[in-house]
Chemist: 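What follows is a structure written as C-alpha cells; I'll ask about it next.
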Amino acid sequence: GTVQGFEIGLTNKALEYLSVAGRTMISSMGVLFMMCTARLWGLERLGLLRLCSSALMILGGLAQCEDPHLPGDNWFGILIQLTSMLLSAQRWAM
C-alpha cells in the first residue's frame with residue numbers, strides 16, 4: 001500500500017510540471033521498466049526479441065502524438081514521473 005501511495009502521489013505531482021501529453025509519452029516507457037525489473041528480480045528472461053518489441057511499443061506511442069518532442073525544459077517533472085514508473089515496476093514485481 002505504501003509503494004502504491006508514493007507512486008500515485010508522484011504521478012500527480014508530475015502533472016504540476018508536465019502536460020498530460022508529455023507525461024503520457026514518458027509513461028510509454030513503463031513497459032521497459034517492468035521488463036528490466038522482472039529481469040533484475042529473476043522473474044523473466046530479457047532477450048533481444050523482447051527488447052525489440054518493447055522499443056516498437058514505445059515508438060508506436062510516440063508516433064501517435066501530434067507534437068512528438070519530450071518536454072525537455074522541465075527535468076524535475078520528468079524525474080518525478082520516471083521515479084513513479086520505477087516504483088510501479090517494483091510494486092508489480094512484489
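Numbering of residues begins at 1 and proceeds along the displayed sequence. No hydrogens, no waters, no symmetry mates; every other heavy atom, side chains included, goes into these values.
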Chemist: Taking Asn74 for its side chain and Tyr17 for its backbone only, find out whether a donor-acceptor pair lies under 3.5 Å.
Modeler: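 A pair under 3.5 Å: yes.
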
Chemist: Determine, using the 4.5 Å side-chain heavy-atom cutoff (strictly less than), whether Leu49 and Met35 are members of one ILVMFWY cluster.
Modeler: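 As far as the 4.5 Å side-chain criterion goes, Met35 and Leu49 are not connected within one cluster.
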
Chemist: Quick check: is Trp92 connected to Ile8 through a chain of hydrophobic side chains (ILVMFWY, heavy atoms under 4.5 Å apart)?
Modeler: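 No, Ile8 and Trp92 fall in different hydrophobic clusters.
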
Chemist: How far apart are the closest heavy atoms of Ala14 and Gly77, and which atoms are they?
Modeler: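 Shortest heavy-atom contact: CB-O, 3.9 Å.
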
Chemist: May I ask whether Met94 and Leu10 are part of the same hydrophobic cluster, defined by side-chain heavy atoms of I, L, V, M, F, W, Y residues being less than 4.5 angstrom apart, directly or through others?
Modeler: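 Yes, one cluster joins them.
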
Chemist: Within this structure, what is the OG-CG distance for the pair Ser84 and Leu79, rounded to the nearest 0.5 Å?
Modeler: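 Answer rounded to 0.5 Å: 11.0 Å.
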
Chemist: Who clusters with Val20? Use side-chain heavy atoms, under 4.5 angstrom, across I, L, V, M, F, W and Y, and order the result by chain and number.
Modeler: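 Taking Ile, Leu, Val, Met, Phe, Trp and Tyr as members, Val20 shares its hydrophobic cluster with Leu15.
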
Chemist: Does any non-hydrogen side-chain atom of Met34 lie less than 4.5 Å from one of Thr37?
Modeler: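 No; the side chains remain at least 4.5 Å from each other.
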
Chemist: Measure the spacing between CD of Gln81 and OG of Ser27 and express it to the nearest 0.5 Å.
Modeler: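 That separation rounds to 4.0 Å.
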
Chemist: Under the salt bridge (charged side-chain N to carboxylate O under 4.0 Å, His left out) definition, can you give me all pairs with a residue in residues 35-51, not counting sequence neighbours?
Modeler: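 Listed once each, the pairs are Glu44-Arg50.
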
Chemist: Going hydrophobic residue to hydrophobic residue with side-chain gaps under 4.5 angstrom, can you get from Leu87 over to Trp41?
Modeler: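 Yes: a chain of side-chain contacts under 4.5 Å links Leu87 to Trp41.
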
Chemist: Same cluster for Val3 and Leu43 if Ile/Leu/Val/Met/Phe/Trp/Tyr side chains link at under 4.5 Å?
Modeler: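 Yes: a chain of side-chain contacts under 4.5 Å links Val3 to Leu43.
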
Chemist: Which pairs count as salt bridge (charged side-chain N to carboxylate O under 4.0 Å, His left out) when at least one residue sits in residues 2-20, sequence neighbours excluded?
Modeler: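 Residue pairs passing salt bridge (charged side-chain N to carboxylate O under 4.0 Å, His left out), neighbours aside: Glu7-Arg91, Lys13-Glu16.
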
